[in-house]
Amino acid sequence: MQQKYNPQVLEREAQNHWDATQSFKAVENSDKPKYYCLSMFPYPSGKLHMGHVRNYTIGDVLTRFHKMKGFNVLQPMGWDAFGLPAENAAMANGVPPAQWTYDNIAYMKKQLRSLGFAIDWERELATCKPEYYRWNQWLFLRMLEKGLIYKKTGAVNWDPVDKTVLANEQVIDGRGWRTGALVEKREIPMYYMAITRYAEELLGDLAALPHWPERVRTMQANWIGKSVGVRFAFPYTLNKVAQKLWVFTTRADTIMGVSFVVIAAEHPLATQAALSNPELARFIEECKQGSIMEADMATMEKKGMATGIFVQHPLTQEKIPLWVGNYVLMNYGEGAVMAVPAHDERDFHFALQYHLPIKPVIGIPNTADPSADKPLLPFDPTQWHAWYADKIQGHCIHSGPYDGLAFDEAIEAIAKDLQAKELGEKQVLYRLRDWGISRQRYWGTPIPLIYCEQCGDVPVPDKDLPVVLPEDCVPDGSGNPLNKRPDFVNVACPRCAKPARRETDTMDTFVDSSWYYTRFACADQTQSMVDPRVNHWLPVDQYIGGIEHAILHLLYSRFWTKVMRDMGLVNVNEPFSRLLTQGMVLNEIYFRKPESGRIAYFNPIDVDIQTDEKGNRTGALLRSDGQPVTSGGIGTMSKSKNNGVDPQSLIEEYGADIARFFMMFTAPPEQTLEWSDSGVEGAARFLRRLWSFAYEFQQGRTEPAAISKMGPLPTELKEARRVCHANLKQANYDLERHQFNTVASATMKMLNALESAQKAPAEQTLREAVVGEGLNLLLRLISPITPHIAHQLWRDLQFGPDILQAPWPAPDEDALTQEEIELVVQVNGKKRTTLKVPRDISQAAIEQWVLKDADVIRALATQPVKKIIVVPGRLVNVVI
RNA sequence: GCCUCGGUGGUGGAAUUGGUAGACGCGCCGGACUCAAAAUCCGGUAUCGAAAGAUGUGACGGUUCGAGUCCGUCCCGAGGCACCA
């Protein structure tokens with residue numbers, strides 16, 4: 001056994017051993033229960049970042065834990081290889097996205113291997129390869145046949161200078177990132193997936209995912225946003241033609257308070273009204289400026305303009321003015337809303353701004369004088385919010401036939417009356433919109449369509465799949481380079497064989513990642529998208545990834561699984577049984593802001609922190625020039641803030657185990673993790689201490705490998721043994737709930753206890769028995785986190801040939817029992833003292849004992865005891 | 001703006017169902033070893049106070065014998081908002 005802990009050498013040896021024994025190869029014909037553990041696959045951006053290390057370490061801990069618990073585990077890895085950054089890199093360096101991507105994959109794979117993850121590399125896939133994305137195209141065609149994909153226009157960000165479509169990320173403060181030009185909204189034809197047809201099932205099945213975090217289910221439910229309301233129409237006459245303007249509302253009970261109607265700038269009626277109203281036309285143009293992002297839309301100043309058109313209230317026939325507003329969304333509901341300023345905050349502010357009438361129609365009952373019911377108004381927020389929250393306190397007032405009706409009754413009555421006039425009905429509406437998948441970009445899956453002047457839109461026949469993306473294009477920022485590739489664009493129409501054009505739009509990269517987990521089950525299958533092996537492995541038992549994917553990726557994947565199910569490709573309803581959403585990795589931000597010019601960020605690695613003698617931070621200096629830098633707090637590691645830490649240097653300096661231990665110890669997986677150099681040093685110190693302790697133990701051992709029978713133990717050894725088993729028990733609980741930081745800390749507590757045991761005055765054989773048993777448990781417990789050192793020490797201490805084959809340890813309940821327990825004694829809930837009592841003491845005896853205690857008597861003073869609350873095994877509270 | 005989550009010592013965090021707040025680390029202080037330093041080892045470390053004791057989990061209020069944990073209002077931070085992945 002080596003005296004010094006040398007991670008670089010032993011980690012390579014352990015990894016060679018796992019490769020040679022094919023330790024992580026997953027097979028379908030095992031008699032063990034299957035466990036499919038999947039971490040979200042990385043985008044090959046260049047090199048691993050700390051978020052990746054964290055994500056894959058969490059997955060690996062779960063993989064190895066379940067392997068030792070006797071599961072047949074599949075942990076695969078792949079590459080989410082299409083996407084915008086490759087095009088950006090191409091513009092910067094002139095390298096084709098394909099080459100950049102493949103180079104990155106090669107480098108990052110090497111990095112992943114050096115971290116010792118228990119991955120079955122035989123199933124590796126990359127979404128940018130034709131053998132993968134041909135199935136995107138194949139399923140696209142099936143969905144097109146079923147009407148699950150359709151074509152309609154949708155809004156994009158248009159850069160008028162570069163004449164190109166911009167991603168939301170490329171729009172900064174409403175301007176193009178390269179040109180600085182004001183971005184415009186532009187409507188272009190796109191393909192949509194009809195995810196809304198599955199809205200009800202996607203919502204309902206959230207209940208079938210009890211092992212998903214509550215917050216993710218809540219976010220998805222709110223995203224789908226089912227609301228039951230009333231769709232109804234305001235009749236109007238324009239150019240002597242009677243027409244109807246439809247709106248949707250969840251607050252039909254306030255219909256008698258409507259004082260105006262607002263339509264989106266893109267609404268056909270707005271376009272029509274603008275024909276004879278240049279001022280309105282200008283306003284509508286103004287509304288079309290800016291990005292398509294909802295956050296921008298929601299935070300901009302609410303503006304409106306009257307159209308001069310009036311519509312008729314469907315129940316009172318009153319004349320209602322029609323407005324165009326920049327805050328009405330064309331793609332939700334009807335693109336038109338009724339405005340009730342008395343009972344909606346946004347309408348209220350709009351009405352104040354433009355001096356429109358405010359008519360209260362909901363009030364709280366006044367029992368003394370029903371004729372003086374007090375109106376509830378949005379400017380009385382305490383009451384209004386309370387009423388809105390549970391909808392039970394108020395009722396209709398100033399509402400003619402509906403006076404006195406409560407929320408539900410009013411909606412029923414109003415919907416019935418509207419229906420009788422054929423002007424409305426109750427309707428279920430979802431906030432969820434259909435998924436637009438067309439991208440005017442090069443580095444993605446080609447959409448398999450051909451446009452023929454004679455035949456129209458012609459789907460590419462299956463026999464011509466895949467439509468292969470040329471890999472040698474270099475984008476230059478002025479539109480999709482595919483349009484400049486006649487060899488790609490020009491094609492014979494599959495129907496009439498005349499010259500035709502290929503679609504040059506590619507698919508949203510979320511399409512690629514919506515089904516990759518099914519492909520891992522049968523990555524070598526060349527004849528079909530998936531094969532029956534998919535039903536062996538699905539659903540994924542444990543999925544791990546960043547919380548930032550809580551809605552889009554996870555919802556699209558759930559949708560896609562249901563589509564594949566309905567086509568008979570898989571037999572599960574949901575793809576991921578358990579979900580762990582990991583927190584982001586943060587680091588300090590330092591910068592200097594010059595009088596003029598750009599703010600400069602400095603990597604924390606180049607900054608020295610100054611502290612006072614108590615350790616409080618007093619300042620920060622840039623090491624290169626000794627001058628102060630400003631602290632910008634902490635934030636997610638990013639290029640723009642120059643606060644990333646390259647995992648490569650960490651792995652090279654300390655080795656994989658120390659990096660992994662630090663990641664697991666520093667924060668629980670679901671919380672953000674703050675980077676700290678000294679924390680890494682602490683992890684290194686612990687593993688070195690573990691190594692030398694094991695070395696000393698092995699050197700002084702008299703009976704190699706024997707964990708002999710234990711006779712009666714002296715107190716110190718008994719206590720050390722109790723600590724080991726108690727921590728193991730707690731750690732097993734923590735592993736099940738994925739709280740790995742306390743598992744790591746349990747291994748530290750065990751080593752602390754074993755070090756005291758080693759020094760205890762006791763017979764050598766007894767000490768050896770206790771310490772040997774403790775080390776044996778500790779190594780197995782720590783092995784999922786730091787597999788390399790555990791592998792080596794397990795062999796060096798002759799516990800067995802391969803720790804991976806060892807069973808998961810269970811605590812010995814006998815070791816946990818204590819003769820005496822400590823009770824906390826409180827008086828009126830305040831801790832006064834503690835009391836050592838026999839384990840099986842009766843309640844009456846405790847009460848007697850407590851009342852005789854000097855500290856208790858002093859705290860009682862002269863006041864009489866009202867009652868005594870005893871929590872068995874924990875505490876006593878004397879109430880006075 | 002909307003949806004969701006979080007806020008505990010100098011610091012990362014712990015506290016299983018409401019039951020000893022601060023486990024285990026980091027940092028800092030003191031000591032041992034050393035010519036010296038690093039490394040390592042030992043001890044201390046919430047705040048105020050000489051002590052007894054009091055205070056303390058973002059703020060304020062409530063429920064309870066008892067609240068970091070439950071309820072209400074507010075403040076601050078993070079993630080998402082449909083073309084970053």
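All chains are named by letter (A, B, ...) in the order of the sequence lines, taking the proteins before the strands, and each is independently numbered beginning at 1.
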**OP:** Answer with base, sugar-phosphate or nothing: what part of the nucleic acid does A:Q170 contact at a heavy-atom distance below 4.0 Å?
**Re:** nothing
Subject >> Sidechain-backbone polar pair: A:N326 side chain, A:E301 backbone, donor-acceptor under 3.5 Å >> reply: yes
Grab the N/O contacts between the protein and nucleotides 62-70 of chain B below 3.5 Å, and write none if there aren't any.
{"unit_1": "B:C65", "atom_1": "O2", "unit_2": "A:N877", "atom_2": "ND2", "d": "2.4"}

**OP:** Find the partner of B:C41: check Watson-Crick (N1-N3 plus N6-O4 or O6-N4) and G-U wobble (N1-O2, O6-N3) distances, both under 3.5 Å, and reply none if neither fits.
**Re:** B:G31
**OP:** Please work out if A:D734 contacts a base, only the sugar-phosphate, or nothing of the nucleic acid, heavy-atom cut-off 4.0 Å.
**Re:** nothing
**OP:** Give A:H553 one of three labels, base, sugar-phosphate or nothing, depending on what nucleic acid heavy atoms sit under 4.0 Å from its own.
**Re:** nothing
Subject >> Sugar-phosphate, base or nothing in reach of A:A550, heavy atoms under 4.0 Å >> reply: nothing
Original post:
Contact class for A:Q671 vs. all strands (heavy atom < 4.0 Å): base, sugar-phosphate, or nothing?
Top reply: sugar-phosphate
**OP:** Would you confirm whether A:Y198, through its side chain, and A:L203, through its main-chain N or O, come within 3.5 Å as a donor-acceptor pair?
**Re:** no
**OP:** Looking only at side-chain atoms of A:T742, point me to the closest of B:A82, B:C84, B:A23.
**Re:** B:A23
Original post:
When all nucleic acid strands are considered with a 4.0 Å heavy-atom cut-off, which category describes A:M750: base, sugar-phosphate, or nothing?
Top reply: nothing
Original post:
Distance-only, no hydrogens or angles: does the A:D512 side chain make a donor-acceptor pair with backbone N or O of A:Y133 under 3.5 Å?
Top reply: no
Original post:
Can A:Y543 and A:Y517 be said to form a ring-ring contact (aromatic ring centres under 6.0 Å, His included), step by step?
Top reply: CA-CA 10 Å; A:Y543 196 35; A:Y517 47 89; 7.0 Å; no
**OP:** Using atom CE of A:M293 as one end and atom P of B:C81 as the other, report the distance to the nearest whole Å.
**Re:** 8 Å
Original post:
Which is true for A:K866 with a 4.0 Å heavy-atom rule: it touches a base, it touches only sugar-phosphate, or it touches nothing?
Top reply: nothing
Subject >> Distance, P atom - from B:A52 to B:C29, rounded to whole angstrom >> reply: 27 Å
**OP:** Say whether, by atom type as modelled, one donor and one acceptor occur between the side chain of A:W443 and the main chain of A:T506 under 3.5 angstrom.
**Re:** no
**OP:** Could you check whether A:F510 gets within reach of a base, just the sugar-phosphate, or nothing at all, counting any heavy atom under 4.0 Å?
**Re:** base
Original post:
Touch check for A:R215, heavy atoms < 4.0 angstrom, all strands: base, sugar-phosphate only, or nothing?
Top reply: sugar-phosphate
**OP:** May I have the distance from A:N727 (atom CG) to B:A15 (atom P), rounded to whole angstrom?
**Re:** 13 Å
**OP:** Select one nucleotide: of B:G80, B:U4, B:A85, the one nearest the side-chain heavy atoms of A:N222.
**Re:** B:U4
Original post:
With sugar-phosphate meaning primed atoms plus P, OP1 and OP2, does A:S692 contact a base, only sugar-phosphate, or nothing at under 4.0 Å between heavy atoms?
Top reply: nothing
**OP:** Scan A:P668 against the nucleic acid and name what it touches under 4.0 Å (heavy atoms): base, sugar-phosphate only, or nothing.
**Re:** sugar-phosphate
**OP:** Could you give the distance separating B:G22 and B:U57 at their C1' atoms, to the nearest angstrom?
**Re:** 9 Å
**OP:** Answer with base, sugar-phosphate or nothing: what part of the nucleic acid does A:L875 contact at a heavy-atom distance below 4.0 Å?
**Re:** base
Original post:
Under 4.0 angstrom, heavy atoms only, what part of the nucleic acid is A:T299 near: base, sugar-phosphate, or nothing?
Top reply: base
**OP:** Examine distances only and state if a side-chain atom of A:Q582 and a backbone atom of A:G51 form a donor-acceptor pair shorter than 3.5 Å.
**Re:** yes
**OP:** Could you tell me whether A:R431 contacts a base, only the sugar-phosphate backbone, or nothing, with contacts defined as non-hydrogen atoms closer than 4.0 Å?
**Re:** base
Original post:
With both distances under 3.5 Å as the test, what is the Watson-Crick or G-U wobble partner of B:A59?
Top reply: B:U73
I'd like a list of close polar pairs between nucleotides 39-46 of chain B and the protein, N/O only, cut-off under 3.5 Å.
none

